[in-house]
Amino acid sequence: MAPVSLFVVAFGLAFGVAAIQHGLSSLETLLMSGLIFAGASQFAALELWGPTLPLTALVATTFAINARHLLMGASLYPWLRHLPPGQRYACLGVMSDSNWAMAVGDHQRGETNVGVLFGGGIALWTAWMLGTCLGVVFGSGISEPQRFGLDVIMGCFLLAMLVGSKHKPSLALLLPWCVAGGAALLALYYLPPNAHVIVGALAGGLTGMLIPQANPQKET
């Protein structure tokens, strides 16, 4: 998780810079990162930040961006359900794209590694806070964080987790991702902002449900 954490520091730095430039105080910026811990929705919230906050739009946008966590959390239920509620929700509280992808990858290989999910989440949260602190301190040093490509780091990592498996990806895995990506791209151009998150998640999820699953064969 350490290499990923380095990228998260850079991502957090970009958010800290953007938050200061949007008029948030240092304390407000640090509290937002510490309590919310959701980079994409935090950046989206900055675009709506102003003297008066459009609360309905802010809630709708945040929900749309984080809607993927509904499916991510559901995918973890089969191997977290045996944990006490406190431990289960502690894991979900620090779940992000990166440690979720790594934990699911372990689970697909037959490993139930809760430590990757929880410990990795703590490591990423710490890195996110460190990056935010650096962004707050050097808030005036970077005028356009997007030109460095920091906004695509997490997406690139998640894609690497998908295609980097030792096993050849199956149709049941690749087709939902392709459908979700295509639907999200169409929604990005033709639907209101952030609708592509929900459209992509629903399209991919429905495709996965409709694909016939192969019956497991007993190995002898």
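For this chain, numbers begin at 1 and follow the sequence in order.
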Where the side chain of [X] meets the backbone of [Y], is there a donor-acceptor pair that is under 3.5 Å apart?
X      : Y      : value
Asn99  : Ala123 : no
Gln87  : Pro84  : no
Ser33  : Leu30  : no
Trp100 : Met72  : yes
Gln42  : Ala38  : yes
Trp128 : Phe37  : no

Can you list everything that forms a side-chain contact (heavy atoms from CB on, under 4.5 Å) with Thr126? Sequence neighbours excluded, please.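 Testing Thr126 for side-chain contact (heavy atoms from CB on, under 4.5 Å), a comparison that skips the adjacent residues, returns Ile122.
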
Can [Y] be reached from [X] by stepping across I, L, V, M, F, W or Y side chains whose heavy atoms are under 4.5 Å apart?
X      : Y      : result
Leu185 : Leu191 : no
Leu134 : Val17  : yes
Phe15  : Trp49  : yes

Would you call the rings of Phe11 and Phe43 parallel, tilted or perpendicular if under 30° counts as parallel and over 60° as perpendicular?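 Parallel.
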
How far apart are the closest heavy atoms of Ser41 and Ile36, and which atoms are they?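 Shortest heavy-atom separation between Ser41 and Ile36 comes out as OG-CG2, 4.4 Å.
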
For Leu80 and Arg88, work out which heavy atoms get closest and say how close.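 So the minimum-distance heavy-atom pair works out to O-NE, 3.4 Å.
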
So, do Leu76 and Leu117 sit near enough that their side-chain heavy atoms are less than 4.5 Å apart?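 They are in contact (side-chain heavy atoms under 4.5 Å apart), so the answer is yes.
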
So do Trp125 and Val8 actually touch side chain to side chain, heavy atoms under 4.5 Å?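 SC-SC contact between Val8 and Trp125 ruled out.
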
Output the distance between atom [atom1] ([X]) and atom [atom2] ([Y]), rounded to the nearest 0.5 Å.
X      : Y     : atom1 : atom2 : value
Ser96  : His69 : OG    : NE2   : 7.5 Å
Ile20  : Ser25 : CD1   : OG    : 7.0 Å
Phe118 : Leu83 : CZ    : CG    : 11.0 Å
Leu46  : Gln21 : CG    : CD    : 10.0 Å

